[in-house]
Amino acid sequence: MSVRVRFAPSPTGHVHIGNIRAAIFNWLFARHENGVFLLRVEDTDRERSTPAAIASLLDVMQWLGLDYDEAPLYQTSQVAAHLEAARRLLEQGDAYTSAKGGDGEAIVFRIPWEAERVPGVALVGPVETPVHPETPVTIDRAGVAYALVSAKGKAVPAGGCLAGFRDLEVLDADGRVRFRLADVVDQVLAGAASFAVEQPARLRYTRRQVGYHDAVKGDLAKPLDSLRDFVIVRSDRTPVFHLANVCDDITQHITHIIRGDDHVENTYRHVFLFAALGAPIPHYAHLPMIVNREGKPYSKRDGDAFVGDFRDKGYLPEALFNYLTLLGWSPGDDREKLSRRELVSLFTLDRVQSSPAQMDARKLDNLNGQYMAALPAARFAAEARARLRGLRWADGLDEALFGRVAALMQSRAKRYADVEGWAYFFGELPEYEAAACAKFLAAAPVRAALGALADRLDAMPELTDAGVEAAVREVAAAHGFAEGKLNQPIRVATTGCTIGAGIYETLVILGRSRSVKRLRHAVAATSAG
RNA sequence: GACCCCAUCGUCUAGAGGCCUAGGACACCGGGUUUUCAUCCCGGUAACACGGGUUCGAAUCCCGUUGGGGUCGCCA
């Protein structure tokens, strides 16, 4: 059977990197397996799902090249199917209605009493649990409720679905059986009877568990007595996530569910739903969370973790895509910069890490810088130029000059946002950083040398790398400066800051007249102040 | 609190009992490119959370402790 996977976000805001990482892993898996990658928009939360959020989701997916193979399925279009499924479950006896907690009647899915019919359910063995004597044990259609005894002797509420307590016997302090579920189970399941056992001491029953194999985490299981029946249709007749999600997975014939760690607990419930709806249980893989700098999971409050923000800051989609694949996955060797094609051929779920990964912005910057350096010069220049749209200093900019600046700066750029710092190449004078001036331009001998350099450059017909270098060396030597000691002052005087490309190349690009003008301006301004 | 999951340099990771004196990358520090610098090159600091087992041998297997995370809704 061919692989079919889906990315199923709820469009309630901007997409953050944890989400999109799940999308990337799904996409990679589908492409690796020659399968199908689908998009499902879980827009049933009408309060928070907005057209703008959906548009931004689609936009971001396109930007990252996450192409999907069939038309997106909007969950709101499936409500009738969800309700029909609930009706079937009711009819089959796999669900019941409950008036508890809402305005009308909700539909509750029952963890099946005959749980063994579901693949993955296994007998664990006999269990005896001490319970708090002052809290009666109650048994009704919704399950068994009791209280454990805490270390301090307090009653701690606990309970689970009926199926979790097969062969349940409630014993009193003398060891006598006060209640036996087997005697009354038919009435309880039918909702025709409920029981409360006062002064209980122990619960005795056969524990069963439901398990599944997780492609990332291995074999996982959970005892049925810690699972509860759950609402699948609210009292206002709207389907709940669990039902909608499973129904849609069945509708879309999903074979592998790859999603965030936070869904592990849901899986135990979903397994029963798939079975009750007569569908095969899909394969599962749960991805570790991506955490922020504090080691906490990214929440939608972490404003800097939206995918759109990375685009705005000028990261290349290929670089972000590549970086995100490295969070919780590796090819097993030392390779890191991997093309999409390589990623597709290398990606397997068994190489996914099972512990959370922390985002490292600096490593992303480095990778992005590698991608930028590898870009064809013309494309880099075009993108960089586009970045400047709307900036005042870029109005009426000399395009030929910009091309030379881009060529000089490409290998050093980390993000397109860096381009905004290129202002000093344009205009007559740069903006001077006060701290830089104080540090490099304060000494009188420096200013004298800079003045001499200005005269020297002014006398040259045009500036060349070699010519500038020779001039700088001569002036430095003549004024008693060691090799290179004049370079930072020159940089500050002509660019206003302390970092940039090679200073000779920079002066050449600035040209004779502006280089001279800036040197003289810096000398005059600092002498005056 | 209960249940479940996780644990290698600061960070991302390699590591499926001997190849590990624990490898790579980012960051950091130092040096080089007989000049500056955000590029490039070379070098360095830096980790198996702790305690018990199992084994001739453990980062790798088991148990416990500690720490972190997830889940316990008529949210998704």
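In what follows, chains carry the letters A, B, and so on, assigned in the order in which the sequence lines appear, proteins first and then strands, with residues in each chain numbered from 1.
- Evaluation of the ring pair (Phe, Tyr, Trp, His ring centres under 6.0 Å) rule for A/Phe425 yields no partner, not counting sequence neighbours.
- Scored by the side chain to side chain donor-acceptor pair (under 3.5 Å) test, A/Arg208 finds A/Glu116 as partners (sequence neighbours excluded).
- Among the atoms of the strands shown, only primed sugar atoms or phosphate atoms (P, OP1, OP2) are found under 4.0 Å from some heavy atom of A/Gly328.
- Rounded to whole Å, the separation between the C1' atoms of B/A46 and B/C41 comes to 22 Å.
- When the nearest nucleotides of RNA chain B are assigned to A/Gln353 and A/Arg473 by heavy-atom distance, the more 5′-ward of the two goes with A/Gln353.
- Contact of A/Ser235 with B/C74 (side chain to base): a donor-acceptor pair of N or O atoms is detected under 3.5 Å.
- Contact annotation for A/Val264: no contact, since no heavy-atom pair falls under 4.0 Å across all strands.
- Taking the C1' atoms as reference points, B/U66 lies 7 Å from B/C50, given to the whole Å.
- Looking at heavy-atom distances under 4.0 Å, A/His263 makes contact with a base.
- Taking only side-chain nitrogens and oxygens, A/Arg40 never comes nearer than 4.0 Å to OP1 or OP2 of B/A76.
- Applying the side-chain hydrogen bond (donor to acceptor under 3.5 Å, both in side chains) definition to pairs two or more places apart or across chains, those involving residues 489-503 of chain A are A/Gln488-A/Arg491.
- When the C1' atom is used for both B/A7 and B/G51, the distance is 15 Å, rounded to whole Å.
- Along RNA chain B, the nucleotide closest to A/Arg228 and the one closest to A/Gly500 are compared, and the more 5′ of them pairs with A/Gly500.
- Identified under the salt bridge (Lys or Arg N to Asp or Glu O under 4.0 Å) test for residues 238-250 of chain A, with sequence neighbours left out: A/Arg6-A/Asp249, A/Arg40-A/Asp248, A/Arg40-A/Asp249.
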Tabulated below should be each protein N or O lying under 3.5 Å from an N or O of nucleotides 64-69 of chain B; please produce it.
unit_1: B/G69; atom_1: OP1; unit_2: A/Lys296; atom_2: NZ; d: 2.5

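- Residues meeting the salt bridge (charged side-chain N to carboxylate O under 4.0 Å, His left out) test with A/Arg87, sequence neighbours left out: A/Glu84, A/Glu91.
- Residues passing the side chain to side chain contact (heavy atoms under 4.5 Å, CB included) test with A/Ala522 are A/Tyr432, A/Leu441, A/Ala493, sequence neighbours excluded.
- A/Leu367 comes within contact range of no nucleotide atom at all, as no heavy-atom separation falls under 4.0 Å.
- Geometrically, A/Arg351 does not engage A/Phe347 in a cation-pi contact, judged by NZ or CZ lying under 6.0 Å from the ring centre and within 45° of the ring axis.
- Scanning for side chain to side chain contact (heavy atoms under 4.5 Å, CB included) contacts around A/Gln353 gives A/Ser355, with sequence neighbours left out.
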Heavy-atom protein contacts under 4.0 Å, nucleotides 23-31 of chain B, coded B base, S sugar-phosphate only, - none: BBBBS----

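- When heavy atoms are screened at a 4.0 angstrom cut-off, A/Gln410 is found touching no nucleic acid atom at all.
- The side chain to side chain contact (heavy atoms under 4.5 Å, CB included) check on A/Ile499 picks up nothing, with sequence neighbours excluded.
- More than 12 heavy atoms of other residues, nucleotides or ligands shown are found within 6.0 angstrom of NZ on A/Lys337.
- A donor and an acceptor atom sit less than 3.5 Å apart, one in the side chain of A/Tyr504 and one in the base of B/U35.
- For A/Glu265 and B/A76, the CD to P distance is 18 Å, given to the nearest whole Å.
- Legend: residues meeting side chain to side chain contact (heavy atoms under 4.5 Å, CB included) with A/Thr267, ordered by chain and number and at least two apart, are A/Tyr212, A/Arg259, A/Val271, A/Tyr284, A/His286.
- Out of B/U35, B/A14, B/A76, the shortest distance to the side chain of A/Ser330 is found at B/A14.
- Backbone-only contact: A/Arg351 has heavy atoms under 4.0 Å from sugar-phosphate atoms and none from a base.
- A/Gln358 places its CD atom 12 Å from the P atom of B/C9, with the value rounded to the nearest Å.
- Put simply, the side chain of A/Arg412 and the base of B/C37 share a donor and an acceptor less than 3.5 Å apart.
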Under 4.0 Å protein heavy-atom contacts per nucleotide of nucleotides 42-51 of chain B, with B for base, S for backbone only and - for none: ----------

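- Within 4.0 Å of A/Ile503, counting heavy atoms only, lies at least one base atom of the nucleic acid.
- Nucleic acid contact class of A/Ala158 (heavy atoms, under 4.0 Å, all strands): none.
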